[in-house]
Asker: 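I have a structure here, written as structure tokens, and I will follow up with some questions on it.
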Amino acid sequence: MTDYDVLRVFCGPSGGYGNELGVVRDGSRVPGQEDRQALAAELGFSETVFVDDPERGVIDIYTPTLRLPFAGHPCVGTAWLLDVPELVTPAGVVGARLDGEFSWIEARPEWAPPCTLRQYATAAEVDDLAVPPPGERSERGVLPDEVRGRVYAWAWEDEPAGRIRARAFPGRIDERGGSRSGGAGARTGGIDEDEATGAAALLLTDRLGRALNITQGAGSQILTAPQPGGWVEVGGRVRLEGAEGSRPAATAIGAGLRSPNGGLRFQAEVLGPRS
């Protein structure tokens, strides 16, 4: 059995919402990429992180179907959980800091998976959008494969204040077929809509060249700020599922164990790669 923590990243001001993240703190328990991919598929979170060195912050990120060199909400959540000054990802070294209730990372826009940044005239138009077809082509010219955050729909709520309304449609379906909404607690199918997407927020900040306060999904909050040298900071609130004031996450494949920090640590069996 493999222990893992469940976080919600980019929570709203009241501590609700946010995108769920699975974190295996002892990555040595699942050393191979095929086994990690299989476990990420079983857990079904939009991303699962395997920590290979908690002191240095070395991490490995997987969606249910592929390995990622970098992703926003996994880095924000894992940096908060490990309380380290940086994370080492295959894309590069990600700066990290805690500031009050917010966990921040500093990363480069070119590390983010490509996506379409599609602006709408009003926040109401964004709210009324239907889910676009899976695999819609990115304006950056990426082929219709499984790239996270393919369409990021956004509109100004208050342009002078930098407030944005956004929704993210990954267009991703896993090998079991079907789809779901990221962070909704289901454990099968692909993902129709991500509740909170740090990498897409990073790209939008780079494009607009200004600090942003983004409300995404049902009520998640993402803060961003451009930094010197082409870097971008992305920050948000993180909650450990099962800790006081948080709801325990339901899981069909693991039993919750109370961890020393007051949250719930779950267990899952590594089933091996799918045939």
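Keep in mind that the numbers below use all heavy atoms, side chains included, and drop hydrogens, waters and symmetry copies. As the structure is a prediction and not an experimental result, all values here were calculated from the model.
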Asker: Under 4.5 Å between side-chain heavy atoms, counting indirect links through other Ile/Leu/Val/Met/Phe/Trp/Tyr residues: same cluster for Trp156 and Ile222 or not?
Answerer: yes
Asker: Does any non-hydrogen side-chain atom of Tyr120 lie less than 4.5 Å from one of Asp128?
Answerer: no
Asker: What's the spacing between Arg56 CZ and Leu87 CG if we round to 0.5 Å?
Answerer: 11.5 Å
Asker: With a cut-off of 3.5 Å and sequence neighbours excluded, list every side-chain donor-acceptor pair involving residues 78-85.
Answerer:
residue, atom, partner, partner atom, Å
Thr78, OG1, Pro74, O, 2.7

Asker: When clusters are formed by joining ILVMFWY residues with side-chain heavy atoms under 4.5 Å apart, either directly or through shared neighbours, do Trp111 and Val58 land in the same one?
Answerer: no
Asker: When you measure from the side chain of Arg36 to the backbone of Arg67, do you find a donor-acceptor pair of N or O atoms at a distance under 3.5 Å?
Answerer: no
Asker: For residues Leu98 and Val49: do they belong to one hydrophobic cluster (side chain heavy atoms under 4.5 Å, members Ile, Leu, Val, Met, Phe, Trp, Tyr)?
Answerer: yes
Asker: Would you call the rings of Phe10 and His73 parallel, tilted or perpendicular, taking 30° and 60° as the class edges?
Answerer: tilted
Asker: Does some side-chain heavy atom of Leu39 sit less than 4.5 Å from a side-chain heavy atom of Phe50?
Answerer: yes
Asker: What are the two closest non-hydrogen atoms of Cys75 and Val94, and how far apart are they?
Answerer: SG-CG2, 4.4 Å
Asker: Taking all non-hydrogen atoms of both residues into account, name the closest pair between Ala153 and Phe169 and its distance.
Answerer: CB-CE1, 4.3 Å
Asker: Looking only at heavy atoms, which two atoms of Pro113 and Ala199 are closest? And how far apart?
Answerer: CD-CB, 3.9 Å
Asker: Looking only at heavy atoms, what is the nearest atom pair of Arg167 and Leu129, with distance?
Answerer: NH1-O, 3.0 Å
Asker: Please report the C-alpha distance between Asp3 and Arg25 in whole Å, then the side-chain angles of each, then the deciding distance to 0.1 Å, and finally whether the salt bridge (charged side-chain N to carboxylate O under 4.0 Å, His left out) criterion is met.
Answerer: CA-CA 8 Å; Asp3 291 345; Arg25 294 203 211 192; over 6 Å; no
Asker: Quick one, Tyr62 and Glu47 - any side-chain contact, counting heavy atoms below 4.5 Å?
Answerer: no
Asker: Is the side chain of Ser220 donor-acceptor paired with the backbone N or O of Gly18 at a distance under 3.5 Å, no angle test?
Answerer: yes
Asker: Out of curiosity, Glu193 CD to Asn19 CG, how far, rounded to the nearest 0.5 Å?
Answerer: 10.5 Å
Asker: Find the distance between CD1 (Ile164) and CD (Glu157) and round it off to the nearest 0.5 Å.
Answerer: 9.0 Å
Asker: Between the side chain of Glu195 and the main-chain N/O of Cys11, is any donor-acceptor distance below 3.5 Å?
Answerer: no
Asker: Any chance you could measure Leu212, atom CG, to Leu223, atom CG, to the nearest 0.5 Å?
Answerer: 9.5 Å
Asker: What pair of heavy atoms forms the shortest contact from Cys115 to Leu203, and how long is it?
Answerer: SG-CD1, 3.7 Å
Asker: Do Arg163 and Thr215 come close enough that some side-chain heavy atom pair is under 4.5 Å?
Answerer: no
Asker: If you measure from CG on Leu202 to CD1 on Ile105, what distance do you get to the nearest 0.5 Å?
Answerer: 7.0 Å
Asker: Might you work through the side chain to side chain contact (heavy atoms under 4.5 Å, CB included) test for Ser103 and Val9, ending with a clear yes or no?
Answerer: CA-CA 9 Å; Ser103 173; Val9 184; over 6 Å; no
Asker: Quick one: does any side-chain atom of Thr116 pair with a main-chain N or O of Arg118 as donor and acceptor, under 3.5 Å?
Answerer: no
Asker: For side chain to side chain contact (heavy atoms under 4.5 Å, CB included), just list the numbers for Glu20 and Glu241, CA-CA rounded to whole Å, side-chain angles, deciding distance to a tenth of an Å, and then say yes or no.
Answerer: CA-CA 9 Å; Glu20 285 188 321; Glu241 294 283 47; 3.3 Å; yes
Asker: At their closest point, which heavy atom of Asp194 faces which heavy atom of Ser46, and how far apart are they?
Answerer: OD1-CB, 3.7 Å
Asker: Is it possible for you to say whether Leu68 and Phe70 belong to one hydrophobic cluster, with membership spreading through side-chain heavy-atom contacts below 4.5 Å?
Answerer: yes
Asker: Between Leu208 and Trp154, is the side chain to side chain contact (heavy atoms under 4.5 Å, CB included) condition met? List the steps.
Answerer: CA-CA 12 Å; Leu208 298 178; Trp154 68 278; 4.1 Å; yes
Asker: To the nearest 0.5 Å, what is the distance between CD (Gln216) and CZ (Arg165)?
Answerer: 8.0 Å
Asker: Between Glu106, Glu233, Glu86, which is the residue that forms a salt bridge (Lys or Arg N to Asp or Glu O under 4.0 Å) with Arg97?
Answerer: Glu233
Asker: Take the angle between the ring planes of Phe102 and Trp104 and call it parallel below 30°, perpendicular above 60°, tilted in between.
Answerer: tilted
Asker: Side chains of Thr197 and Tyr152, heavy atoms from C-beta outward: is any pair under 4.5 Å?
Answerer: yes
Asker: Applying side-chain contact (heavy atoms from CB on, under 4.5 Å) between Val51 and each of Val24, Asp26, Val23, report the one that passes.
Answerer: Val23
Asker: If hydrophobic clusters are built from ILVMFWY residues whose side chains come within less than 4.5 Å, do Leu117 and Val232 share one?
Answerer: yes
